[in-house]
Number of protein chains: 2
Amino acid sequence: MSATSTPNPCPSAPRFEVLARGCVSRPVLEHITGRWGALTLLGLREGPLRFSALRRRVDGIAEKALAQTLRALERDGFVHRDPGEGYPSRVEYRLTELGASTTALLYALADHVESRMPDVLAAQAAYDRTHPPRP
Amino acid sequence: MSATSTPNPCPSAPRFEVLARGCVSRPVLEHITGRWGALTLLGLREGPLRFSALRRRVDGIAEKALAQTLRALERDGFVHRDPGEGYPSRVEYRLTELGASTTALLYALADHVESRMPDVLAAQAAYDRTHPPRP
DNA sequence: CAGTATCCAAAAAGATACTG
DNA sequence: CAGTATCTTTTTGGATACTG
């Protein structure tokens, strides 16, 4: 750290503003909501998994992307990486307490979306009916 | 439409699996959690806004990105677009009921992250201390 | 097994200009 | 004002190969 006199960002205070660019929590929120972040956390929700198992679980993710995502989530303290000793290597990933509490909220969100899919599909159909495919 | 005999994806049933590629809810979840989706929804949380006001609120977003994001969210039924008549144009965007309920969950998530930022910053510092910057 | 390294293709972000 | 069009630059994604 050292006295960085950043005019600084979002007071974690009453009104919160992740909306501000430069807010320190914004990149963190992006890690957990981003393309693979959310799915990776949800993939670990039911218990620890090893790299390949997790990769199979998060359908469609590339090794590279999974590695990157896990690194970011580990750095932010959402995921704990436990490298077992021995060979061949067995590394387990598990949610930290912070990761678990966060994932619970993420799950609530995903579950809500899932339950309201009928409305979403209806909205999409209506939209497509009234909007030109692409002139 | 038309009888697509998709072997199809994620039963909205008991165990849910957004994790599956091809799951219809996955792209929707991505729209609301994606790079700008979340911030745009949060930007509308306190009330309807017009395009430029929203753009100012979601700090750093480009016109193009905002237009795209709003289109996706409108199509999914999270946002309602209300084009006022007259000139110059005044278009208002507001959350639908579905958008509002979803955004409430998103807010809970963002708020949780915000409140735990001290832990996140500590984790990041610890990580950076023990991991080589880049050899 | 658990990754890293590479290379290429595809997509997204940015900046600028222009229209109803 | 509310966008679209266009072009350029960066980031991603995907496939393949290789190492401890």
Side-chain angles (χ1 to χ4, degrees), chain A residues 19 21-22 26-27 29-40 43-44 48-75 79-94 127 130-135, chain B residues 19-22 26-27 30-40 43-44 48-75 79-94 127 130-135:
Chain A
L19 299 179
R21 185 166 61 206
R26 211 168 106 166
L29 189 64
E30 277 167 15
H31 291 156
I32 71 188
T33 62
R35 183 94 162 76
W36 297 114
L39 297 175
T40 301
L44 289 171
L49 288 176
R50 281 177 307 137
F51 191 86
S52 333
L54 181 55
R55 191 183 167 215
R56 264 181 305 266
R57 195 121 207 285
V58 182
D59 199 17
I61 193 171
E63 290 186 355
K64 192 172 66 171
L66 182 56
Q68 278 176 178
T69 302
L70 284 171
R71 229 179 292 125
L73 293 175
E74 189 198 349
R75 188 174 106 96
V79 165
H80 176 72
R81 180 176 183 275
D82 182 14
E85 49 258 62
Y87 189 86
S89 10
R90 285 183 134 254
V91 181
E92 264 202 356
Y93 291 91
R94 74 182 66 250
Y127 184 95
T130 55
H131 291 71
R134 43 164 152 158
Chain B
L19 300 178
R21 184 167 59 207
R26 213 167 103 165
E30 278 166 14
H31 292 155
I32 71 188
T33 64
R35 182 92 163 75
W36 296 115
L39 297 176
T40 301
L44 289 171
L49 288 176
R50 281 177 314 153
F51 191 86
S52 334
L54 181 55
R55 191 181 168 217
R56 258 172 269 123
R57 194 120 208 284
V58 182
D59 198 18
I61 194 170
E63 289 186 355
K64 192 172 66 172
L66 181 56
Q68 276 176 180
T69 302
L70 284 171
R71 230 179 291 124
L73 293 175
E74 188 197 351
R75 189 174 105 97
V79 165
H80 175 74
R81 179 176 185 276
D82 181 14
E85 48 258 60
Y87 189 87
S89 9
R90 287 185 130 254
V91 182
E92 262 202 357
Y93 291 92
R94 73 183 67 249
Y127 184 96
T130 56
H131 291 72
R134 41 165 152 156

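Chain identifiers are assigned alphabetically (A, B, ...) following the order of the sequence lines, protein sequences preceding nucleic acid strands; residue numbering begins at 1 within each chain.
- Between the CZ atom in A:Arg56 and the CG atom in B:Leu19 there is a gap of 14.0 Å [rounded to 0.5 Å].
- Under the side chain to side chain contact (heavy atoms under 4.5 Å, CB included) criterion, B:Thr40 pairs with B:Trp36, B:Leu54, B:Ile61, B:Leu66, B:Thr69, B:Leu70, B:Leu73, sequence neighbours left out.
- Applying the side-chain hydrogen bond (donor to acceptor under 3.5 Å, both in side chains) test to residues at least two apart or on different chains, the pairs with a partner in residues 80-89 of chain B are B:Arg81-B:Tyr93.
- Taken to the nearest 0.5 Å, the CZ atom of B:Arg75 stands 10.5 Å off from the NE2 atom of A:His131.
- As rounded to whole Å, 15 Å separates atom C1' of C:dC1 from atom CG of A:Leu49.
- In this structure, the separation between CZ on B:Arg90 and OG on B:Ser52 is 10.0 Å, given to the nearest 0.5 Å.
- Rounding to whole angstrom units, CZ of residue B:Arg71 and P of D:dG3 are separated by 9 Å.
- Contact between the side-chain N/O atoms of A:Ser52 and the OP1/OP2 oxygens of C:dC1 is not found at any separation under 4.0 Å.
- Comparing the local axis fitted to the first five base pairs of the helix from C:dC1-D:dG20 to C:dG20-D:dC1 with the one fitted to its last five gives a bend of 50°, rounded to 10°.
- Remark: P of D:dG13 and CZ of A:Arg55 are 13 Å apart, rounded to the nearest angstrom.
- Smallest separation of non-hydrogen atoms from A:Arg71 and B:Tyr127: CG-OH, 3.1 Å.
- With sequence neighbours left out, A:Pro48 forms a side chain to side chain contact (heavy atoms under 4.5 Å, CB included) with A:Glu92, A:Arg94.
- Listed here is the closest heavy atom pair of B:Arg57 and B:Gly43: NH1-O, 2.8 Å.
- For residues 59-68 of chain B, proximity to DNA chain D is found at B:Glu63, B:Lys64, B:Ala67, defined as any non-hydrogen atom under 4.0 angstrom from a strand atom.
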So B:Leu39 and A:Arg26, side-chain contact (heavy atoms from CB on, under 4.5 Å) or not? Walk me through it.
-> CA-CA 9 Å; B:Leu39 297 176; A:Arg26 211 168 106 166; 3.6 Å; yes

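- Between A:Arg50 and C:dC1 there is no side-chain polar atom (N or O) within less than 4.0 angstrom of OP1 or OP2.
- Applying the 4.0 Å criterion to OP1 and OP2 of D:dT12, one finds that A:Trp36 has every side-chain N and O outside that range.
- Checking side-chain atoms of A:Asp59 against main-chain N and O of B:Ala20 turns up no donor-acceptor pair under 3.5 Å.
- Between the C1' atom of C:dA2 and the CZ atom of A:Arg81 lies a distance of 8 Å, rounded to the nearest Å.
- Contact check, B:Arg56 against D:dC1: no side-chain N or O comes under 4.0 Å of OP1 or OP2.
- For the pair B:Arg21 and D:dG13, the criterion of a side-chain N or O lying under 4.0 Å from OP1 or OP2 is not met.
- Minimum heavy-atom separation, A:Arg50 to A:Val91: CG-O, 3.0 Å.
- Non-hydrogen atoms lying under 4.0 Å from DNA chain C are contributed by B:Tyr87, B:Ser89, all within residues 82-94 of chain B.
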